[in-house]
2 protein chains.
Amino acid sequence: MKKIKILFADDHAIVRDGLRLLFKSDPQFSIVGEASNGEEALQLVEKHRPNVAVLDISMPKLNGIEATKIIKEKYPLTKVLILTIHENEEYIQQMILAGADGYVVKNAEKKEIFDGVRAVANNESFFSPSVSKVLLEALIKRTRKNDEPESNIYNKLTRREIEVLRFIADGLTSKEISQKLFLSISTINSHRTNMMKKLDIHDTASLVRYAIQNNLVQMK
Amino acid sequence: MKKIKILFADDHAIVRDGLRLLFKSDPQFSIVGEASNGEEALQLVEKHRPNVAVLDISMPKLNGIEATKIIKEKYPLTKVLILTIHENEEYIQQMILAGADGYVVKNAEKKEIFDGVRAVANNESFFSPSVSKVLLEALIKRTRKNDEPESNIYNKLTRREIEVLRFIADGLTSKEISQKLFLSISTINSHRTNMMKKLDIHDTASLVRYAIQNNLVQMK
DNA sequence: ATGTGACTCAGTATAACTAACTAGTTAATA
DNA sequence: TATTAACTAGTTAGTTATACTGAGTCACAT
């Protein structure tokens, strides 16, 4: 079994000391570099091509998010594990978008950090349980919110209205819709007007948003 | 500390035997009912109002998904923990939509099932690590797919255009946007026109869809 | 220094949409 | 049977959006 080559970056010397101690305590890891800011981390990645880069988010010169983006673009073989105190959804999401392979909170136990490094080195993704919880709850909230009875579109709009709304959200004009449905333009406009009155909406843009929010159109 | 009243439902007698043994082994639980199908489970929930209903998905008469929906609607105080062998995303998502509070795989360890029951009894949600993994990976995939370089909005639209597009997708008219940004209507219209040309889009509806697709507006 | 892209603004013409009405037909239902 | 909701269609008026052409300023890079 090959050793896992590790680089870590954090602007606090104390954290670096801790990480150094941590990774030296286990022979399966080999530290190939330490950096105190994002730019330095990049240079060391370039030089040593580690298997895993353990990055803090807030660092001088180049923060962890930007560093991650660059690493994932230039050196895709180097996995990125974020080690941070931030547990809010936005940060986490930004990191996922940047391409981070794992996300571990700083107060995690030794074993959790090891697990994280091993997992990302092994091409898996890894998130601290508390981070997973935040993500899952966001996911569940999003999955569920379209299912509340009050917001159920079918109780508010008639079948014909929904049919028309689908076409509107697809970008068809009233004229085109009238041709598709063999109706007069007046009728389509009536449906538009009625829907808008019901929904307290006053423009096409909001109608489209409403349609998308209620899964009337799928976004391929 | 009050005992957690438990009902479980599974169409296999062997599984029921196992669950009975399991929950009897710990005095914090008290079994108030056992069912071999969904309908029976419903009747027992009605009768005993358990804190937690542990349900299998595939059961005769009424499956776990439908049973969950009914329980969550009629007896919201009863938490539902799904215990199943299915680990695919669709099943999991269906269960979340149905309102399940937790989801544990059948080959989980004793402790995990206990943890699950305790968590849902405690108003938290709970998912087996392997289930969490499936969900998280789905989430990450979804989060990332809007980030492919070809479809990256920031390479196509300028900052000002994106700013304007956000407002458009929020349902503001050009006039309103011009007032917000202290610009003339002509300018806003120019931005609209330029965006449409770039994106080969010819109506507001499609612009709004494009904005949403690219996460320019969040749908609360 | 020249060109390019981003941003700004104007004007004209046409198309599309919004608002506020009226009103007839049909189907379900109390 | 009378009522209601849904669907249909229309008028009138005003507003907003789309499609053009044209043009000036600014910053930045070749």
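The sequence lines fix the lettering, A, B, ..., with proteins before strands; numbering per chain opens at 1.
- Side chain of A/K72 to backbone of A/T78: a donor-acceptor contact under 3.5 angstrom is found.
- Side-chain N/O atoms of B/D203 and B/S206 include a donor and acceptor closer than 3.5 Å.
- The distance between atom CD1 of B/I188 and atom P of C/dT8, rounded to the nearest whole Å, is 7 Å.
- If you measure from atom CD of A/E163 to atom P of D/dT8, you get 8 Å, rounded to the nearest angstrom.
- At least one donor-acceptor pair closer than 3.5 Å links the side chain of A/T68 to the backbone N or O of A/G64.
- Not one side-chain nitrogen or oxygen of B/R159 sits closer than 4.0 Å to the OP1 or OP2 atom of C/dA6.
- To the nearest angstrom, P of C/dG5 lies 18 Å from CE of B/M195.
- In this structure, B/I201 atom CD1 and D/dA19 atom P are separated by 11 Å, rounded to whole Å.
- One atom, CD1 of B/I177, and another, C1' of C/dC7, lie 16 Å apart when rounded to the nearest Å.
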What string of B, S and - do you get for nucleotides 9-18 of chain C 5' to 3' if you count protein non-hydrogen atoms under 4.0 Å? BB------SB
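- At a threshold of 4.0 Å, the pair A/E163-A/R166 does not count as salt-bridged, since none of the basic side-chain nitrogens sits closer than that to a carboxylate oxygen.
- A straight line from CZ of B/F167 to C1' of D/dA17 spans 19 Å, rounded to a whole angstrom.
- Within the structure, a side-chain polar atom (N or O) of A/H191 is placed less than 4.0 Å from OP1 or OP2 of D/dT8.
- Counting heavy atoms of neighbouring residues, nucleotides and ligands inside a 6.0 Å radius, atom CD of B/E73 does not exceed 12 of them.
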